[in-house]
Structure formats: structure tokens, C-alpha cells
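In what follows, a structure is listed as C-alpha cells, so that the remarks can point back to it.
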Amino acid sequence: MITDRSSSLPPFRTPGLLAAVDRRQPRLSLEPTLSHTGMFDGAWWPRSRRLDRELPALVVALRDVVGPVLHVAVERSAWDDIPSRVTVDGRVVRINCFSSSSHTMSVGGGHQDHFLLMVVPPRTRTAVAKAAMSSATRPGNSTSAIRLLTELHEQSDEDSAPSWPPPWPPPMPPSPQPLPPLPPLPH
């Protein structure tokens, strides 16, 4: 029996969602040797907080360098909505969440190889984002993502109004106010 494995689906498809996918080249920088000697193997600067739109182009770019991407783990608070999986070029990429390491993403592929990417928030100033990506991908870097981003933002002399740095930890909602006392009951 011959099975036709060709598909008429577009190359980037998110199961169950009709959202458009960003097909632009991802803003990605990888550590030149991919030797896993520093804190990060690369840095990614997505254009939005929509993981379903951003992830397919990143997976394609990484696949061309490091091989197939089978799963990713992302920081929960960095994204508006996190699907459990996306399909890229006919392959399912599983997505897991964590909340312990700000501005990072773990990427796993074949051969049990894992890569840690620093994720620069989408609305970060251009100069800060580029400097952070460069620092993160420097061989032997041992600085955390939050520290890199914060230090570079503080050094920046631009005075536009970006969304960086976000409050961390996120602010708690206001606590409920006590109810006023009840009026005395009539006799």
C-alpha cells in the first residue's frame, strides 16, 4: 500500500488557531561555536508576545543550524497565550511552560541536545536589545538574562518610553478593602 505523505497545508500551521504567523526572519543570534560554554547558546528578540505567531519562524531558523526542534519550554509570564504545540513544516513541536527563570527559553532537539536562549522582550529599545543579544551570545558569558537586560537598560541614554524593564516580580493586584461597618439596627 502506498501512502501519500504530501500535504496541502501551509508550511507554518498552528493547530486549532487561525492566527497569522509572522514569516519574517527571526531576530536571532547564536553563540558562534554552539559549545555550551556560556550561560546562553543564543538570544532571540521576538516582535510580539504571541508565541503562536513567533515560534514557527524561530523553529525553522534553528532547524537549519542545530537540527530538528522537537520541544521548547518558555517562561509563562512572557507570553500572552501559550499553545501546547505548534506544527512547523509537518512536524509537531511541543511547548511546555515554566516560571522559574526570567527571559529564557529552552529548546530541545534530536540527539538529546538542549539549547538555552535568552528572550529579549518584544518592546525593548533597539540599542538595548542588540547589546543584550551580543552579550548573551559571547562565548563564556555567565550573566543571567534579567541582569544583562537591566544593566544594559540602565546604561542606555535613550529616553523613549518602552515597556522595559517590566516589574519583576509582577505587581500584585490591590488587596480587597474592608467593608464599611454596618449601620446599627433599628429597635
Could you go step by step and tell me if Trp44 and Leu58 meet the side-chain contact (heavy atoms from CB on, under 4.5 Å) rule?
CA-CA 8 Å; Trp44 177 42; Leu58 175 67; 3.6 Å; yes
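- Using a 4.5 Å cut-off on side-chain heavy atoms (C-beta onward), Leu148 and Met118 make contact.
- Linking ILVMFWY residues whenever their side-chain heavy atoms come closer than 4.5 Å, directly or via other members, places Val65 and Val88 in the same cluster.
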Is there a side-chain contact (heavy atoms from CB on, under 4.5 Å) between Phe40 and Thr143? Walk through the geometry before answering.
CA-CA 9 Å; Phe40 300 105; Thr143 308; over 6 Å; no
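- Contact annotation: the side chain of Thr126 approaches that of Trp45 to within less than 4.5 Å [non-hydrogen atoms, C-beta and beyond].
- Nearest heavy-atom pair across Met105 and Leu51 is CE-CD1, 4.3 Å.
- Note on Leu28 and Leu34: same hydrophobic cluster, where clusters join Ile, Leu, Val, Met, Phe, Trp and Tyr whose side-chain heavy atoms are under 4.5 Å apart, directly or indirectly.
- Contact detail for Ser106 and His114: the closest heavy-atom pair is OG-ND1, 4.2 Å.
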Verify side-chain contact (heavy atoms from CB on, under 4.5 Å) between Leu62 and Val107, making sure each step is shown before the conclusion.
CA-CA 9 Å; Leu62 287 172; Val107 178; 4.0 Å; yes
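- In this structure, Arg49 does not pair ionically with Asp81, as no charged nitrogen and carboxylate oxygen lie closer than 4.0 Å.
- Here the side chain of Ser135 pairs a donor or acceptor atom with the backbone of Ala131 at under 3.5 angstrom.
- Taking every heavy atom of both residues into account, Arg27 and Met133 meet most closely at O-CE, 3.4 Å.
- Using a 4.5 Å heavy-atom cutoff, the side chains of Phe98 and Glu75 are in contact.
- In this structure the side chain of Ser84 never reaches within 4.5 angstrom of the side chain of Arg94, judged on heavy atoms.
- Closest approach of Arg63 and Val69 over heavy atoms only: N-CG2, 4.5 Å.
- Among all heavy-atom pairs drawn from Leu117 and Ala43, the shortest one is CD2-N, 4.2 Å.
- Partners of Ser142 according to the side-chain contact (heavy atoms from CB on, under 4.5 Å) rule, which considers only residues two or more places apart in sequence or in another chain, do not exist here.
- Classification of Glu54 and Arg50 as a salt-bridged pair fails, no side-chain N sitting under 4.0 Å from a carboxylate O.
- Taking the side chain as every heavy atom from C-beta outward, Pro26 and Val60 never approach each other to under 4.5 Å.
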Full working for side-chain contact (heavy atoms from CB on, under 4.5 Å) between His36 and Asp41
CA-CA 6 Å; His36 302 295; Asp41 301 300; 2.9 Å; yes
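- In the model, Asn96 has no side-chain atom that pairs as donor or acceptor with a side-chain atom of His71 under 3.5 Å.
- Closest non-hydrogen pair, Glu31 versus Thr137, comes out as CG-O, 3.3 Å.
- Here the side chain of Thr150 pairs no donor or acceptor atom with the backbone of Arg147 at under 3.5 angstrom.
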